[in-house]
Amino acid sequence: MKVVKFGGSSLASGESVSNAINILTSEKERQVMVVSAPGKRFSKDIKVTDLLIQYAEDFLHQNPTNDIVSKIFNRYQEIGNYFGIESAQLEIIHDILLNLPKQNYPNNDYLLAAFKAHGERLNARLIALILNHMGIKSRYLDPIEAGLIVTGEPNDALVNPESYINLDHLKIFDDEKIVFPGFFGITPSGHIATFSRGGSDITGAILARGMHCDLYENFTDVSGIFSVNPAIIPSPKSIKKMTYREMRELSYAGFSVFHDEALIPAIQGDIPINVKNTNAPADPGTMILPNRNFSADRIITGVASQKNFSALYLHKYLLNKEAGFTLKILQILDKYHVPYEHMPSGIDDITIIFNRKFLTDQLIDLICNEIQALINPDQLEWIDDYAIIMVVGEGMKKHSGISATILSALQAQNITPQMINQGASQISIMIGTKNEEVKLAVKTIYQEFF
Ligand code: ASP
């Protein structure tokens with residue numbers, strides 16, 4: 001059995017839903033369909049999820065909501081009409097939308113989560129309706145009925161392991177298709193909570209693991225995962241196959257085609273993932289596979305980059321002889337609940353790299369002041385315009401001198417990296433550069449290896 005997940009851009013109009021249905025029905029093993037909310041039909045269009053956020057905000061600010069409800073309903077109506085669904089059946093969707101503000105929510109965060117989740121919830125209901133209307137036996141399965149339990153933040157939830165036991169007990173008949181809404185689950189007290197944005201990928205992976213599927217197919221609007229950001233290198237090579245950990249490292253540094261949290265259930269269940277294109281389903285796409293028995297075709301699989309990091313550089317002679325130095329820094333970070341990304345160190349210096357989204361200017365000052373007072377380094381420098389480049393490849397394990405090749409290529413372009421660090425996994429090299437140098441650096445590295 002396979003789980004097939006379709007992203008919002010693959011379900012944005014009647015025509016694209018029809019494409020998705022063709023893909024679903026072209027193989028008997030494609031039994032479980034996970035859907036996103038309708039996405040953008042054209043570049044200036046607004047995703048249904050964003051319209052629902054607007055609806056929640058209008059309601060909370062006591063603004064009129066008629067227009068926004070009509071806009072949302074029109075999106076489903078357009079898809080329903082394409083397939084000739086009767087208006088009385090579509091009216092149910094309208095009623096559910098109108099009733100959203102009347103439900104009970106523990107607080108406004110839960111309210112927002114429930115509004116957002118209805119993008120996928122209504123789409124899955126509609127698609128099950130369409131399939132049955134076409135004579136394809138299908139069943140809408142709600143996360144409540146399936147027991148997809150989540151905990152944590154209402155808008156950034158995590159799957160609860162109990163879900164896998166519940167999913168294992170589900171009975172799916174050979175002759176039916178299941179349509180399951182992505183993006184949300186139910187808290188132990190029975191309220192809706194969503195994963196982070198783009199989280200339908202996570203639902204697909206949870207179902208694939210829970211239902212012991214052979215393959216998780218993730219349909220999107222590109223033919224697989226590119227080896228570098230196409231905004232930096234036009235028409236780059238796409239990746240045919242890679243390992244879970246290569247994908248982890250690349251998605252961490254900005255490869256956004258597949259949600260990085262969605263890898264975890266797939267890894268735990270040992271389920272291969274195939275990222276494919278809805279508009280070119282015959283293209284092989286990208287296979288993401290377990291690490292064991294993997295043989296790399298090339299040295300480097302991909303080069304990813306992400307801006308908006310910051311780094312704290314500390315220099316102190318004899319740092320290596322001073323016990324508890326790093327512990328003191330970590331205690332300060334812990335006190336202010338600030339996570340760090342990496343901490344490469346040398347004999348007399350250490351760089352701590354932060355994701356800027358977790359920091360405010362005030363926090364930076366507090367942290368720097370305390371470190372200065374407690375540790376008294378010879379040099380303390382805050383570098384704010386920091387970018388990270390990840391060069392990733394299982395093939396690197398068998399080749400030496402990769403860092404030297406990268407450094408000399410960069411040097412030829414007058415780029416001096418702020419930091420270079422070979423990951424303990426031996427399959428990645430991380431390079432820190434200034435924001436304004438990152439594009440040229442990525443281009444240079446890509447051209448060197450591809
Ligand atoms: N509809 C949600 C979002 O836009 C989740 C998803 O599409 O995966 O973030």
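One-based numbering along the sequence shown. Note that ligands are numbered from 1 as they come in the structure, with each ligand's atoms numbered from 1 the same way.
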J.: Within 45 degrees of the axis of the six-membered ring of Tyr164 and under 6.0 Å from its centre: does Arg209 put its NZ or CZ there?
T.: yes
J.: Distance-only check: which donor-acceptor pairs under 3.5 Å involve side-chain atoms of residues 273-291, not counting sequence neighbours?
T.:
from: Asn274; atom 1: ND2; to: Pro284; atom 2: O; distance (Å): 3.1
from: Asn274; atom 1: ND2; to: Thr286; atom 2: O; distance (Å): 3.1
from: Lys276; atom 1: NZ; to: Pro281; atom 2: O; distance (Å): 3.0
from: Asn277; atom 1: OD1; to: Asn279; atom 2: N; distance (Å): 2.9
from: Asn277; atom 1: ND2; to: Ser223; atom 2: OG; distance (Å): 3.1
from: Thr278; atom 1: OG1; to: Ser10; atom 2: OG; distance (Å): 2.6
from: Thr278; atom 1: OG1; to: Thr220; atom 2: O; distance (Å): 3.0
from: Asp283; atom 1: OD2; to: Ser223; atom 2: OG; distance (Å): 2.8
from: Thr286; atom 1: OG1; to: Ile225; atom 2: N; distance (Å): 2.7
from: Thr286; atom 1: OG1; to: Ile239; atom 2: O; distance (Å): 2.7

J.: Could you tell me which residues satisfy side chain to side chain contact (heavy atoms under 4.5 Å, CB included) with Val438, sequence neighbours excluded, listed by chain and number?
T.: Ser305, Lys307, Ala387, Ile389, Thr433, Val442
J.: Excluding sequence neighbours, so at least two apart, what forms side chain to side chain donor-acceptor pair (under 3.5 Å) with Asp270?
T.: Arg292
J.: List by chain and number: which residues place a heavy atom under 4.0 Å from ligand 1?
T.: Ser36, Lys47, Thr49, Glu120, Phe183, Arg197, Gly198, Gly199, Ser200
J.: Are Phe6 and Phe219 an aromatic pair, judged by ring center distance below 6.0 Å?
T.: yes
J.: Locate the shortest heavy-atom distance separating Ile136 from Thr25; write the atom from each residue and the value.
T.: CD1-CG2, 3.7 Å
